[in-house]
Structure formats: C-alpha cells, structure tokens
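First the structure, in the form of structure tokens, and then the observations on it.
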Protein chains: 2
Amino acid sequence: MNKRIADLNRFISEKGLKCTRQRDAVAEVFFSVNGHITAEDLYQKVSRTHPGIGLTTVYRTLKILTEAGLAKERRFEGPQGVFEKEDTSRHHDHLICKRCGKIFEFKDPDIEKLQDAVAEKFDFIVEDHKLELYGLCGNCRKA
Amino acid sequence: MNKRIADLNRFISEKGLKCTRQRDAVAEVFFSVNGHITAEDLYQKVSRTHPGIGLTTVYRTLKILTEAGLAKERRFEGPQGVFEKEDTSRHHDHLICKRCGKIFEFKDPDIEKLQDAVAEKFDFIVEDHKLELYGLCGNCRKA
DNA sequence: ATTGATATTGAAAATCGGTTTCAAATAGGC
DNA sequence: GCCTATTTGAAACCGATTTTCAATATCAAT
C-alpha cells in the first residue's frame, strides 16, 4: 500500500541497518503530509498516534529519509529548517506569500535554461538550485 | 564621507534611539566589507580596531542595519546566517561552489521577467526573490 | 555645563534548533 | 531462543543567537 515505506525499508536493509516500528511510524506520518513540515511539528503529529516516540528519533528518521532521497530539507527565512517529500522527477521552486505564509510550488524549465547560461559565464556547472519568490497573493492584496 | 553611516544615524534618531560610538564602529567596519560576512567574523574584525565591543552589540547593530534597509541577512546551507550590504538598486543572486564555498554574484533581468510571469499565473505579485545556484566552479572541477 | 530620564552596553545566562552520549531495549541473522 | 550490532528515548551537549541585568552613556531640557 505504501510504496515509499517499502523504498525506505529497502534502503535501510541495503545499508545493513534495521527496520523498526518507530521509523515506519515517523515515515508514514511524514508521507501523509502535503507540503512542508518542521521536525518539531512532525514530532507533535507523530505523538498523537504514536506517543512515546522521541523528537530525537524524528530527527534521525528525517536524516535517513533525506539520505534515501525520500525527503529534502529546505531553509526559508528564519532559523528553523523544514522538510518536504522529495520527488526527484518533480523538482520545484517556491512562491511564498509574505503576509499569510501560504506556499505555492512551481517549476519553469525556461528559467532553468537561463540559469545554466548564467552559470556558464562563470565557468560553473549547476548541480542544484533554489528559487524562492516572495510577494503577496491575491487574497492578501485585497485585505 | 560615509553616507551610509549618516543614513544609519538618521534612521536611529528618527526611531528615538541613540547614536553611539559602538554602533558607528560596527557599521563602519561592516560597510568596508565586500560580499558576505558572519556576525562572528564581523565581531573579530571590529575587535581589531575597536577592542572591547561585544559580540552582542555586533548582533544588535546588524539587526538595526537590517531594519534600516542597509543590510540583508541571508541563509545558505548550515545554521549560520551571513550578512551583506543591502543596495536595493543593485539586487543580485548567488552562485555557490559546493566544494570550495566560493560565492559569485550575478543579476539577470531575463530570469526576473520569467519569475514575474510565473507569479502572475498564481495571481501573485513578486516583491522580492532569492535565487541560489549550487554547483562546481571551474577550479574544483579540475581537482 | 549639569541634570535626569531613557537607551545602550558587555558579560553572563538563557534560549533555540539540532546533535551526541549512553544505558537499556530491540531487530534479525544464526 | 541466542547473540551481537543497531536503535531507542532521555538527558546532556553544541553552536548560533537572544535576553537579562546592573553599570554606563546619550541627549533633550534645563
């Protein structure tokens, strides 16, 4: 039923590590979230259905998910990192409303082409990029 | 001679705050730096010419500079923030070498036009943006 | 220049997000 | 079931930044 959990457990086994109830629980809740979540919020969410699982384990599981390519850590403004599901076939950028905090996702190949062109001028090869647009969404502009 | 220091002191006075030797010293050193600097490094640099000024004061002054629109805090990877001079008439983006950490700056109006176009699709108006390209510079590719 | 109310200072303590340590519990190959 | 390595949660720790606090400095009103 959950292919990603299977992916995670395959990754864990290949590394000679062990599959545990806690990791499954954290991963399951994480995969049920759409969008972005902090480690702390994920911990709260996990605690509701699986009390007893520690924040430490949440951090450790997020690290494994990241190494497995199933999660990605991002840093927007502020000191706290947020995690989101990684779907390598669907890289995307972010549009963030400064007022209500809503986050939209998008992808634009034309922008990416221009990025590569810019980098080439500096004798640079782009492996990854981060593009965040900050502004006001339609709702907040009316208010 | 230093217009930015004057801008800072005008901002401070308008807020009903007080101009001090320490703030002037921190600001002067900060404005003499090209590119990016951490609070800690700025503190070290300030200490050389103005020993006795505390790290706390450096942080506080950087905060005021940011509120005054004279500095901008950025967060690349890792927990430590870096500050740079804000020059609203010369916004730029960043090209970061994953290996040696070197940072190049660039600006591309074509990319910005495409950004506005994307945002419009979401009924969104862009006020600010952040674009970071991560990759390998020419030197590091050879090594 | 002196005063006095208020903001600023530096050092130390506190906080915050995140990681490490460690003894007890568990997974999973034998 | 046994055995050993991995995992666990709690607590200690860490580095970056903020807050606290008593002493000091600014500056507007004298």
Side-chain angles (χ1 to χ4, degrees), chain A residues 5 8-30 36-68 71-83, chain B residues 5 8-30 36-68 71-83:
Chain A
I5 300 277
L8 170 63
N9 286 331
R10 188 179 321 122
F11 176 84
I12 286 175
S13 297
E14 276 169 10
K15 287 253 172 184
L17 303 179
K18 292 173 178 176
C19 302
T20 68
R21 286 173 264 118
Q22 290 92 329
R23 301 220 256 236
D24 277 5
V26 173
E28 197 170 336
V29 175
F30 175 69
H36 312 78
I37 193 164
T38 63
E40 180 66 35
D41 287 349
L42 180 57
Y43 166 63
Q44 297 297 340
K45 226 170 150 60
V46 168
S47 293
R48 290 208 276 279
T49 43
H50 302 78
I53 291 185
L55 178 56
T56 317
T57 296
V58 171
Y59 271 108
R60 286 193 278 227
T61 304
L62 282 170
K63 192 178 228 175
I64 292 176
L65 285 165
T66 303
E67 286 163 5
K72 175 103 182 149
E73 182 175 8
R74 300 198 172 264
R75 285 178 178 274
F76 297 120
E77 320 238 288
Q80 206 169 175
V82 295
F83 293 81
Chain B
I5 300 277
L8 170 64
N9 286 330
R10 189 178 321 122
F11 176 84
I12 286 174
S13 297
E14 276 168 10
K15 287 254 172 185
L17 304 179
K18 291 172 181 178
C19 301
T20 68
R21 287 172 260 119
Q22 289 92 329
R23 301 222 254 236
D24 277 5
V26 173
E28 197 170 336
V29 175
F30 175 69
H36 312 77
I37 192 164
T38 62
E40 180 65 37
D41 286 349
L42 180 57
Y43 167 64
Q44 297 296 341
K45 227 171 149 59
V46 167
S47 293
R48 291 208 276 278
T49 43
H50 301 79
I53 291 184
L55 177 56
T56 315
T57 296
V58 171
Y59 271 107
R60 287 192 279 227
T61 305
L62 282 170
K63 189 177 229 176
I64 292 176
L65 285 166
T66 303
E67 286 164 3
K72 176 101 181 148
E73 182 174 10
R74 300 199 172 263
R75 285 182 178 271
F76 297 118
E77 320 236 288
Q80 203 169 179
V82 296
F83 293 82

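Chain letters run A, B, ... following the sequence lines, proteins first, then strands; residues in each count from 1.
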Using the side-chain heavy atoms of A:T20, tell me which of these nucleotides is nearest: D:dT7, D:dT26, C:dT26.
D:dT7

Using a 4.0 Å heavy-atom cut-off across all strands, classify A:R60 as base, sugar-phosphate, or nothing.
base

Check every strand shown and say whether A:L55 touches a base, only sugar-phosphate, or nothing at a heavy-atom separation below 4.0 Å.
nothing

Specify the separation, in whole Å, of atom CZ of B:R21 and atom P of D:dA25.
7 Å

Which is more 5' along DNA chain C, the nucleotide nearest B:G16 or the one nearest B:V58? Just name the residue.
B:G16

Contact nearer the 5' end of DNA chain D, comparing B:Q22 with B:T38:
B:T38

Expressed as a whole number of angstroms, how long is the span from A:R75:CZ to C:dC16:C1'?
12 Å

Expressed in angstrom and rounded to an integer, what is the separation of B:F11 atom CZ from C:dA7 atom C1'?
15 Å

So does A:R23 get a side-chain nitrogen or oxygen closer than 4.0 Å to the phosphate oxygens (OP1/OP2) of D:dT8?
yes

Got a donor-acceptor pair under 3.5 Å from the side chain of B:K18 to the base of C:dT6?
yes

In whole Å, I'd like the distance from the CD1 atom of A:I37 to the P atom of C:dG17.
15 Å

Heavy atoms only: give me the nearest B:A39-B:V58 pair and the separation to one decimal.
O-CG1, 3.7 Å

Touch check for A:T56, heavy atoms < 4.0 angstrom, all strands: base, sugar-phosphate only, or nothing?
base

Can you tell me how far P of D:dA16 sits from CG of B:L42, to the nearest Å?
15 Å

Taking all non-hydrogen atoms of both residues into account, name the closest pair between B:C19 and B:I12 and its distance.
N-CG2, 3.9 Å

Length of the line joining B:E40:CD and D:dT18:P, which is rounded to integer Å
14 Å

Most 5' of B:Q80 and B:K63 on DNA chain D, judged by nearest nucleotide
B:Q80

Quick check: closest heavy atoms across A:E28 and A:I5, and the distance to 0.1 Å?
N-CD1, 3.6 Å

Quick one: B:L62 CG to C:dT9 P, roughly how many Å, whole number?
12 Å

Shortest non-hydrogen pair, B:G81 vs B:E73, comes out as CA-OE2, 4.0 Å

C:dG18 OP1/OP2 closer than 4.0 Å to side-chain N/O of A:Y59
yes

Would you kindly give the CZ-to-C1' distance between A:F83 and C:dG17, to the nearest whole Å?
11 Å

Is the backbone of B:P79 close enough, under 3.5 Å, to the side chain of B:R75 for a donor and an acceptor to pair up by distance?
yes

